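Below is one structure, written out as structure tokens; the observations come after it.
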Amino acid sequence: MPMIEKYKRRKVLKMNALKIKYLLIALCLLWVTGLHAQTFTNPLLPSGADPYSYYKDGYYYYTHTTGNRVDLWKTKTLDGLKDAERKTIWHAPVGTMYSKEIWAPEVMFLRGKWYTYFAADDGKNNNHRMYVLENASADPMKGEWIFKGKITDPTDKWAIDGDVIDFKGQLYMIWSGWEGDENGKQEIFIAKLKNPWTVAGKRVKISTPKFSWEKIGDLGGGAHVDVNEGPQFLPHGDKIFIIYSASGCWTDFYALGMLSASAKSNLLDPASWTKSDQPVFQQSPKDGVYAPGHNSFFKSPDGKEDWILYHANDKPGQGCGGFRSPRAQKFNWNTDGTPNFGTPLKAGLSITSPANRNKK
């Protein structure tokens with residue numbers, strides 16, 4: 001081969017090798033950038049009490065207490081929540097028993113339709129009850145949300161913070177309520193549902209404030225409330241848990257407690273439930289996290305990770321107001337099958353986003 005041809009060939013090979021090198025560098029940079037993009041920091045929003053998230057078909061559907069309406073966010077990633085599509089899916093009408101103090105909405109998909117559960121009153125706390133909305137659209141941001149009415153057991157007592165699960169083909173609802181008609185103690189009740197908007201039968205009390213860490217609730221002037229509220233179902237393996245908030249949200253000692261039952265037991269039998277004697281998630285002053293509570297749960301997009309969503313304050317003494325902000329973190333499981341939530345993570349800490357690997 002003539003020398004000139006060899007030279008040209010060698011030059012082409014060098015150029016190709018250089019192109020491959022730069023291509024590999026570019027791919028590495030994209031990969032590293034992608035890794036950095038797959039993180040987020042708490043809080044997810046500047047404020048937002050009673051956060052709830054439901055993951056379906058590639059999207060997180062998020063909501064929290066707004067007071068006079070129900071707002072819904074739709075986002076593919078947690079870090080995208082700040083810029084997510086947001087829509088008011090229901091405005092409270094004026095002059096009704098459910099026009100004000102709309103608390104702790106939950107938006108979930110049950111038996112082929114979307115449902116929203118929330119508590120509301122007419123401006124008087126004693127009249128708080130729970131209500132249901134329904135939407136037959138595949139996308140809860142679209143279609144029509146229909147007001148189905150009040151959801152209550154025959155006692156029709158004060159009730160907030162409802163959560164619903166379809167467990168082994170049976171719908172159950174849990175909530176925080178009063179035994180009678182006066183404030184002083186919030187307890188946790190459970191009942192079967194006939195359908196997503198109708199209670200079937202009587203309520204059963206499965207938790208009452210028992211331990212000292214559940215009874216921190218002085219309001220001043222001699223007033224005091226013991227609190228069990230914000231219950232959330234958490235099934236896992238052969239057990240089912242209810243994670244609830246204890247003590248007053250106006251205190252820094254607001255924390256999470258846990259009830260446990262066998263998945264084979266009668267969930268309507270109070271004896272089926274065992275209460276943990278210590279909080280399972282509580283304030284971390286060294287990390288600047290106070291009054292963590294009112295949680296919910298969701299899976300990562302690949303279905304392999306468990307995540308807890310909750311609200312908390314950045315400083316002591318901030319109480320139940322607008323300082324509460326939504327936060328999320330992954331949790332694991334102990335060898336005995338119970339959840340291990342660890343401690344609340346410090347605000348601003350870089351956290352790896354929920355895993356989005358393809359399911360196998």
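Predicted model only: the values in this text are computed from it and were never measured.
Across Asp122, Thr152, Asp156, a single residue satisfies side-chain hydrogen bond (donor to acceptor under 3.5 Å, both in side chains) together with Arg129, and that is Asp156. The only option from Glu187, Gln186, Glu214 that meets the side-chain hydrogen bond (donor to acceptor under 3.5 Å, both in side chains) definition with Asn228 turns out to be Glu214.
When side chains are defined from C-beta on, Trp90 does not count as touching Asn135, because their heavy atoms never get closer than 4.5 Å. In this structure the side chain of Val204 reaches within 4.5 angstrom of the side chain of Pro270, judged on heavy atoms. Two residues are said to be in side-chain contact when any heavy atoms from C-beta on lie closer than 4.5 Å; Leu171 and Asp166 meet this criterion. No side-chain heavy atom of Gln170 sits less than 4.5 Å from a side-chain heavy atom of Leu267. Taking the side chain as every heavy atom from C-beta outward, Leu234 and Pro339 approach each other to under 4.5 Å. Using a 4.5 Å heavy-atom threshold, the side chains of Val227 and Trp250 count as touching.
The shortest non-hydrogen separation linking Trp273 to Ile206 is CD1-CG2, 3.6 Å. Between Met141 and Lys87 the shortest heavy-atom distance is O-NZ, 2.6 Å. Contact record, Thr352 with Phe40: O-CE2, 3.9 Å, taken as the closest heavy-atom pair. The heavy-atom pair separating Thr155 from Arg203 by the smallest distance is OG1-NE, 3.5 Å. Ser247 and Ile216 make their closest contact through OG-N, 3.0 Å (heavy atoms, listed as atom of the first residue, atom of the second, distance). Summarising the geometry of Phe298 relative to Leu78, their closest heavy-atom pair is CZ-CD1, 3.8 Å, with the distance given to 0.1 Å.
Using a 4.0 Å cut-off between a side-chain N of Lys or Arg and a carboxylate O of Asp or Glu, Lys264 and Asp238 do not qualify as a salt bridge. Salt-bridge annotation for Glu179 and Lys185: absent, with no side-chain N of the basic residue lying under 4.0 Å from a carboxylate O of the acidic one.
Qualifying side chain to side chain contact (heavy atoms under 4.5 Å, CB included) partners for Pro43, counting only residues two or more places apart in sequence or in other chains: Ser325, Arg327, Ala347. Annotation: ring-ring contact (aromatic ring centres under 6.0 Å, His included) contacts of Tyr172 (sequence neighbours excluded): none. With sequence neighbours excluded, the residues satisfying ring-ring contact (aromatic ring centres under 6.0 Å, His included) with Phe281 are Tyr310.
Leu259 and Leu268 fall within the same hydrophobic cluster, defined by Ile, Leu, Val, Met, Phe, Trp and Tyr side-chain heavy atoms under 4.5 Å apart, directly or through other members. Taking hydrophobic clusters as Ile, Leu, Val, Met, Phe, Trp and Tyr residues chained together by side-chain heavy-atom distances below 4.5 Å, Leu81 does not share a cluster with Tyr52. Hydrophobic clustering of Ile, Leu, Val, Met, Phe, Trp and Tyr side chains at less than 4.5 Å, counting indirect connections, unites Trp73 with Leu44. Under the 4.5 Å side-chain contact rule for hydrophobic residues, Phe109 and Val70 share a cluster.
For the residue pair Thr66 / Asp71, no side-chain donor-acceptor distance below 3.5 Å is found, with atom types taken as modelled. Judged purely by distance below 3.5 Å, without hydrogens or angles, the side chains of Asp50 and His64 never pair a donor atom with an acceptor atom. For the residue pair Asn340 and Asn334, a side-chain donor N or O sits within less than 3.5 Å of a side-chain acceptor on the partner.
Between the side chain of Ser99 and the backbone N or O of Pro93 there is at least one donor-acceptor pair closer than 3.5 Å. Judged by distance alone, with hydrogens and angles left aside, the side-chain atoms of Thr75 form no donor-acceptor pair with the main-chain N or O of Tyr60 at under 3.5 Å. Proximity of a side-chain donor or acceptor of Lys148 to a complementary backbone N or O of Val132 within less than 3.5 Å is not detected. Between the side chain of Asn42 and the backbone N or O of Ala328, at least one donor-acceptor pair lies under 3.5 Å. Side chain of Asp269 to backbone of Ala271: a donor-acceptor contact under 3.5 angstrom is found. Between the Asn313 side chain and the Lys315 main chain, no donor and acceptor come within less than 3.5 Å of each other. The main-chain N or O of Tyr61 is never found under 3.5 Å from a side-chain atom of Lys56 such that the two would form a donor-acceptor pair. Judged purely by atom type and a 3.5 angstrom limit, Thr65 uses its side chain to pair as donor or acceptor with the backbone of Ala104. Looking only at distances, no side-chain donor or acceptor of Trp307 sits under 3.5 Å from a matching main-chain atom of Ser296. For the pair Trp213 (side chain) and Asp277 (backbone), a donor-acceptor distance under 3.5 Å is present.
Atom OH in Tyr254 sits 14.5 Å away from atom CD in Gln282 (nearest 0.5 Å). Between the CZ atom in Phe341 and the CD1 atom in Ile308 there is a gap of 4.5 Å [rounded to 0.5 Å]. Atom CD1 of residue Ile242 and atom CD1 of residue Ile174 lie 4.0 Å apart, to the nearest 0.5 angstrom. We find the NZ-CD distance between Lys113 and Glu134 to be 4.0 Å, quoted to the nearest 0.5 Å. Once rounded to the nearest 0.5 Å, the distance linking OH of Tyr290 with CD of Gln283 reads 7.0 Å. Annotation: the span from Leu309 atom CG to Gln329 atom CD amounts to 10.5 Å, rounded to 0.5 Å.
Around NZ of Lys210, the count of heavy atoms belonging to other residues, nucleotides or ligands within 6.0 Å does not exceed 12. Other residues, nucleotides and ligands contribute over 12 non-hydrogen atoms within 6.0 Å of the CZ atom of Phe147. Within a 6.0 Å sphere centred on NZ of Lys239, heavy atoms belonging to other residues, nucleotides or ligands number more than 12. Applying the 6.0 Å contact sphere to NZ of Lys202 captures no more than 12 heavy atoms from other residues, nucleotides or ligands. Around the NZ atom of Lys150, the shell of radius 6.0 Å holds more than 12 heavy atoms that belong to other residues, nucleotides or ligands. In the displayed structure, Lys299 atom NZ is contacted under 6.0 Å by more than 12 heavy atoms of other residues, nucleotides or ligands.
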Check the pair Phe297, Phe331 against ring-ring contact (aromatic ring centres under 6.0 Å, His included), reporting the backbone distance first and the verdict last.
CA-CA 10 Å; Phe297 301 105; Phe331 68 92; 5.7 Å; yes
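Below 30°, between 30° and 60°, or above 60°: for Trp114 and Tyr54 the angle between ring planes is above 60°, a perpendicular geometry.
Residue pairs meeting the disulfide (SG to SG under 2.5 Å) criterion with at least one partner in residues 250-327, sequence neighbours excluded, are Cys249-Cys320.
Under a cutoff of 6.0 Å and an axis angle of 45°, Lys76 and Tyr59 form a cation-pi pair.
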Output side-chain donor-acceptor pairs under 3.5 Å for residues 191-200, partner residues at least two apart or in another chain, one line each.
unit_1, atom_1, unit_2, atom_2, d
Asn195, OD1, Trp197, N, 3.0
Asn195, OD1, Thr198, N, 3.0
Asn195, OD1, Thr198, OG1, 2.8
Asn195, ND2, Thr198, OG1, 3.4

Output side-chain donor-acceptor pairs under 3.5 Å for residues 157-165, partner residues at least two apart or in another chain, one line each.
unit_1, atom_1, unit_2, atom_2, d
Lys157, NZ, Asp181, OD1, 3.1
Lys157, NZ, Asp181, OD2, 3.3
Trp158, NE1, Asn125, O, 2.8
Trp158, NE1, Asn125, OD1, 3.3
Asp161, OD2, Gly230, N, 2.9
Asp163, OD2, Phe233, N, 3.0

